[in-house]
2 protein chains.
Amino acid sequence: MAKNTSTAAPEGVGEPGGGLHGRRVSRNLRLEAAVNAAFALAEREGLAGLTMRRLAQEIDVDVTALYRLFRDKDELVLALCERTIEMELDEIGDLAPTESWQDVLRRVAEVTWRVQTRFPAITELTFARTTGGPAERQMVELLLGCFARAGLDPTRAVLLYRTFIDTALGLCAGTAALHSLQPEVRTKDHTTWTRVYSHLSEAKFPVTRAHTDALSAVDDKAIYDTAVEAVLSTAESWASRSRGV
Amino acid sequence: MAKNTSTAAPEGVGEPGGGLHGRRVSRNLRLEAAVNAAFALAEREGLAGLTMRRLAQEIDVDVTALYRLFRDKDELVLALCERTIEMELDEIGDLAPTESWQDVLRRVAEVTWRVQTRFPAITELTFARTTGGPAERQMVELLLGCFARAGLDPTRAVLLYRTFIDTALGLCAGTAALHSLQPEVRTKDHTTWTRVYSHLSEAKFPVTRAHTDALSAVDDKAIYDTAVEAVLSTAESWASRSRGV
DNA sequence: ACCTGAACACCGTTCAAGT
DNA sequence: ACCTGAACACCGTTCAAGT
């Protein structure tokens, strides 16, 4: 069953004592180890450091051994994507049935931000991908359930679910892309606001000049929260309209 | 003046007949040519095809000549970012003073989508960057002006301006990332929804199953429009509240 | 003052040859 | 059945040597 999810298959269920059993377990263990090492490597060295060669050396195997665990680098990337969602589901934990759909979505958004910004390199690689794996399926069911509970018809529920998750991941990816620039370039990029925008001519850029302080003070998490709340408000508005309020 | 914007300086203004004149013009012309070629290359070959070596060969110069035009690849990327914004400003054109701030923002969003999705490779490279260049400054002034006109105080105007542009570019980047996958991988990724999600067990994934058709039918532009409208609604709501309505 | 060729330290990926 | 070494076709970037 589910032969397309080898990267997250349960460890050696079935075939008791069969010859395949031990090999499969050890294969999954090595897969796990490779994925774990990739996270460590990504956190430590950034996007440029996450290469097949460095990863192989990190877990002390030959590069070509990695190509027996993953068909190519893209398959590794999808495994990292699945694992990211697993971590998020873990952190979300069990949901009290009393919790409103809005608060569930806020919790998902919060956890997503935390995990995705902790591993910026992996966010850059995975933020637009679809794995079809078990963790992703569970996340889809959870999120879609929120918008369905809100009282939206299927078309609108799906549209808002995708708006919610794509917006959230897109903003995480933007922040991640900045954080994974070389420290030097990153500082240059970040200080542009004060370096350039506070010295513009009052005549040609009156509005920008009037907003200089606010421009350099705004922070990424506030932007993220604002976007999330904007989508939630839209969901509430659509839901109440379809209930005929 | 403005020595940090060499990539977009006007062509040889001042120093009439000076020795620097001709050299500067020709330098800017070669810079222009390189940037134009990079767009053509990116559109034709995708992200993987946009390398310093291939770009040099495209404009028939040695690779090292490129490094006399751009300090490094990042400087080329920033030039491409500026040029993207220039194209967007061009397409936006002149604004009728009668146009509401909402409609101006809708037009900017529309043009941004069109340009960014036309050059997905460049969107991936630039969507989170800040250039500090003239085109970017003009765009900031234009967008910030909309939110200020709406009646928001500076802090809220800046917060919503950044939410608007970061959300828009993040969604464009997500779409761009999908479009720049190898055609094979891309089809795999896109068909995941029908391949995996329509075969889930009714018992474990009831909500997903009830939304199968909608999940495979949703399109990226509708998601983008929904997100943009969500931010506009928030702006309207904040504006009316601060006017004491 | 500009251009050229060659090199450095990397990539992802493949494959024949070993055990 | 697994592992190793070497290779292929690339990267971004630098630099001495030419004109």
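Residue numbering restarts at 1 for every chain, and letters A, B, ... go by the order of the sequence lines.
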Is it the case that A:Thr84 and A:Gln116 place a side-chain donor and acceptor less than 3.5 Å from each other? no

Between B:Glu86 and B:Gln138, is any side-chain donor less than 3.5 angstrom from a side-chain acceptor? no

Rounded off to whole Å, could you give me the [atom1]-to-[atom2] distance for the [X] and [N] pair?
X       : N      : atom1 : atom2 : value
B:Asp62 : D:dC15 : CG    : C1'   : 12 Å
A:Leu66 : C:dC11 : CG    : C1'   : 14 Å
A:Leu69 : C:dT13 : CG    : C1'   : 15 Å
A:Leu41 : C:dC11 : CG    : P     : 10 Å
A:Asp74 : C:dG12 : CG    : C1'   : 12 Å
B:Met52 : C:dC10 : CE    : P     : 20 Å
B:Tyr67 : C:dA6  : OH    : P     : 19 Å
A:Asp60 : D:dC3  : CG    : C1'   : 14 Å

Judged by each residue's nearest nucleotide on DNA chain C, which is more toward the 5′ side, A:Arg71 or A:Gly49? A:Gly49

Ionic contact status for B:Glu32 with B:Arg27, cut-off 4.0 Å: no

Carboxylate-amine/guanidinium proximity below 4.0 Å for B:Glu88 and B:Arg107: no

D:dC3, D:dG12, D:dT4: which one has an atom nearest the side-chain heavy atoms of A:Arg30? D:dC3

From the options D:dC11, C:dC11, D:dG5, select the nucleotide whose nearest atom is closest to the side chain of A:Arg54. C:dC11

Need the pair for C:dC2. Rule: Watson-Crick or G-U wobble, both distances under 3.5 Å, any strand; none if unpaired. D:dG18

Across all strands, who's sitting opposite C:dA7 as a Watson-Crick or G-U wobble pair, both distances under 3.5 Å? D:dT13

Inspect the surroundings of NZ in A:Lys221 and state if more than 12 heavy atoms from other residues, nucleotides or ligands are less than 6.0 Å away. yes

Is the phosphate of [N] approached by [X] (side-chain N or O, under 4.0 Å from OP1 or OP2)?
X       : N      : answer
B:Arg68 : C:dC3  : yes
B:Arg53 : D:dC10 : no
A:Thr64 : D:dC3  : no

Using the C1' atom on both, measure C:dC10 against D:dC8 and round to a whole Å. 15 Å

NA contact type, B:Val61, heavy-atom cut-off 4.0 Å: base, sugar-phosphate, or nothing? nothing

